[in-house]
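Proteins get letters first, then strands, A, B, ... in listed order; numbering begins at 1 in each. Here the structure is a predicted model, which means the values were calculated and not measured.
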Protein chains: 2
Amino acid sequence: MELKEAKDKFIHTWGTLATQWGINRTMAQIHSLLLLSPKSMNADEIMADLQISRGNVNMNLRDLMDWGLIYKQLLPGERKEYFIAEKDIWKVAKQIAKERRRREIGPLIDAMADLKEGIKPDTAEKEEFLKIVNDISTVTVFADTTLTSLLKADENWLISNFIKVFNR
Amino acid sequence: MELKEAKDKFIHTWGTLATQWGINRTMAQIHSLLLLSPKSMNADEIMADLQISRGNVNMNLRDLMDWGLIYKQLLPGERKEYFIAEKDIWKVAKQIAKERRRREIGPLIDAMADLKEGIKPDTAEKEEFLKIVNDISTVTVFADTTLTSLLKADENWLISNFIKVFNR
DNA sequence: TTGAATTTTCAAAATATTTTGAAAAAAATA
DNA sequence: TATTTTTTTCAAAATATTTTGAAAATTCAA
């Protein structure tokens with residue numbers, strides 16, 4: 001397998017897998033392209049490389065910046081904007097986890113809180129309903145708290161700690 | 001807010017959020033309907049309640065069983081199949097985590113392993129490429145290991161352990 | 001067995017999401 | 001300021017996913 005082939009495979013795999021977990025294909029492809037690129041790239045280069053439209057590139061570069069996975073780089077003497085990916089994979093993983101926590105767990109916590117407030121347990125049925133809402137609330141808040149504290153921890157502590165957990 | 005209204009809100013919220021994380025809306029709605037239902041339900045009841053087609057109900061009940069979130073219940077004297085949701089929210093959370101680990105992390109580990117095998121580091125460029133693949137491999141395997149060990153742990157230990165982590 | 005009840009399948013339709021590309025806006029230069 | 005380059009926007013088109021519903025398969029009782 002040659003390098004070009006391997007890179008293409010990497011980009012393709014990343015793109016395909018991403019769709020399975022709610023990230024769109026193009027965003028994942030641009031991300032992997034930049035991850036593998038030794039130098040920063042501009043919109044035209046990305047368009048040419050992945051054969052996609054300017055609007056699509058622009059949109060997804062924006063999303064990737066929102067996710068904190070790439071940075072804009074202004075090169076002196078260059079009009080165009082260049083983009084470079086965060087190469088520290090631990091940071092990448094943290095960013096992804098952080099963003100997914102915000103998107104997936106946050107709204108659930110809010111929704112459960114609303115329901116808890118809105119219903120008073122004055123019948124057996126309502127009590128039963130509130131039991132489930134409360135259970136979900138507990139688990140969700142727990143997951144959120146756990147993830148948050150993990151994300152605050154630094155890499156080395158994280159690894160050593162979980163080697164312990166794993167060896168239990 | 002009355003009970004019916006709250007239940008509808010719950011089902012609707014669950015369904016909407018689910019789409020944000022790769023689970024389809026109907027599957028999430030059927031799941032929450034069964035989660036809130038004190039008794040098991042058959043396909044016709046679910047169809048009537050959510051106003052969806054038989055095929056759709058059948059398909060998603062099957063998926064929910066694959067996820068381990070609902071069980072088939074054969075009632076004596078009844079021809080129809082009845083379905084009941086796992087009500088223990090800790091088990092539900094574990095099942096979801098387990099399934100997502102299998103779908104999201106597994107294929108990534110495999111893909112990285114393939115790339116590592118296929119490329120030999122005989123040039124600087126290839127070495128650089130392999131560095132990234134290896135980094136991703138490490139983080140991914142770490143996440144997988146961590147999740148697996150967490151899933152093996154029991155609820156009480158899990159909570160007490162993470163209270164410690166959190167208080168650090 | 002047969003036939004009625006129930007479940008499953010799957011092509012076509014409906015819906016949702018992503019992508020395009022050209023026009024508008026913004027930024028940089030002269 | 002006027003002009004050119006670059007970025008952004010967004011309605012329409014393309015693509016992908018979900019849903020329907022009727023036919024086929026299966027299951028069960030007699």
Side-chain angles (χ1 to χ4, degrees), chain A residues 11-34 40-67 69-84 103-104, chain B residues 11-34 40-67 69-84 103-104:
Chain A
I11 291 170
H12 180 260
T13 304
W14 200 257
T16 306
L17 288 180
T19 57
Q20 306 215 329
W21 17 291
I23 290 160
N24 94 3
R25 203 170 54 95
T26 307
M27 177 171 152
Q29 286 184 339
I30 295 177
H31 182 224
S32 47
L33 178 63
L34 289 174
S40 57
M41 299 178 79
N42 64 39
D44 290 290
E45 290 167 343
I46 296 168
M47 284 169 67
D49 205 308
L50 299 177
Q51 297 286 339
I52 54 182
S53 73
R54 184 176 302 284
N56 200 2
V57 168
N58 184 271
M59 211 162 191
N60 283 293
L61 284 173
R62 206 138 314 288
D63 286 349
L64 282 166
M65 283 194 288
D66 287 347
W67 277 72
L69 297 175
I70 66 171
Y71 311 112
K72 193 184 278 187
Q73 215 178 36
L74 295 171
L75 296 186
E78 279 278 8
R79 283 285 284 275
K80 289 180 182 166
E81 296 177 331
Y82 282 73
F83 297 89
I84 191 158
R103 292 171 185 233
E104 301 184 8
Chain B
I11 291 170
H12 180 259
T13 303
W14 200 255
T16 305
L17 289 180
T19 58
Q20 306 216 329
W21 16 291
I23 290 161
N24 96 4
R25 202 169 55 95
T26 307
M27 179 170 149
Q29 286 184 340
I30 295 177
H31 182 224
S32 46
L33 178 63
L34 289 174
S40 57
M41 297 176 78
N42 64 39
D44 289 290
E45 289 166 342
I46 296 169
M47 284 170 66
D49 205 307
L50 299 177
Q51 297 286 340
I52 55 182
S53 74
R54 182 176 303 284
N56 200 2
V57 168
N58 184 271
M59 213 163 188
N60 284 294
L61 283 173
R62 207 138 312 289
D63 286 349
L64 282 166
M65 283 194 288
D66 288 347
W67 277 73
L69 297 176
I70 65 171
Y71 311 112
K72 193 184 280 189
Q73 215 178 37
L74 296 171
L75 297 185
E78 278 277 8
R79 279 288 283 278
K80 290 180 182 168
E81 296 177 331
Y82 282 73
F83 299 89
I84 192 158
R103 291 172 185 231
E104 301 184 10

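Within the 4.5 Å cutoff, no side-chain heavy atoms of I23(B) are placed close to those of D63(B).
The separation between K80(B) atom NZ and dT8(C) atom C1' is 16 Å, rounded to whole Å. A straight line from CG of L74(B) to P of dT6(C) spans 13 Å, rounded to a whole angstrom. For R54(A) and dA24(C), the CZ to C1' distance is 15 Å, given to the nearest whole Å. The CE-C1' distance, from M47(B) to dA5(C), rounds to 14 Å in whole Å. One interatomic measurement links the two molecules: OH of Y82(B) to C1' of dT7(C), which rounds to 14 Å at whole-angstrom precision.
Boundaries of the chain B contact region on DNA chain D are dT18(D) to dC28(D), first to last in 5' to 3' order (nucleotide atom under 4.0 Å from a heavy atom).
Taking the side chain of R79(A) as heavy atoms from C-beta on, and the options dA4(C), dT8(C), dT29(C), the nearest nucleotide is dT29(C).
Taken from CG in L64(B) to CG in L69(B), the straight-line distance is 6.0 Å, to the nearest 0.5 Å. The structure places CE of M27(B) at 13.0 Å from OG1 of T19(B), a figure rounded to the nearest 0.5 Å. Between the OH atom of Y82(A) and the CG atom of L75(A) there is a distance of 6.0 Å, given to the nearest 0.5 Å.
For the pair S40(A) and Q73(A), the tightest heavy-atom approach, listed with the atom from each and the gap, is OG-OE1, 2.7 Å. Closest non-hydrogen pair, G15(A) versus Q29(A), comes out as CA-CG, 4.1 Å. Between F83(B) and L34(B), the shortest heavy-atom contact is O-CD2, 3.5 Å.
Comparing G55(A) and E78(A) against DNA chain D, the residue whose closest nucleotide sits nearer the 5' end is E78(A). Across the interface with DNA chain C, nearest-nucleotide mapping of D44(B) and N56(B) shows D44(B) to be the residue nearer the 5′ end. Two residues, K72(B) and R25(B), neighbour DNA chain C, and the one matched to the more 5' nucleotide by heavy-atom proximity is K72(B).
Contacts of T26(A) with the nucleic acid, taken as non-hydrogen atoms under 4.0 Å apart, involve only primed sugar atoms and P, OP1 or OP2. N58(B) comes within contact range of at least one nucleobase, with a heavy-atom separation under 4.0 Å.
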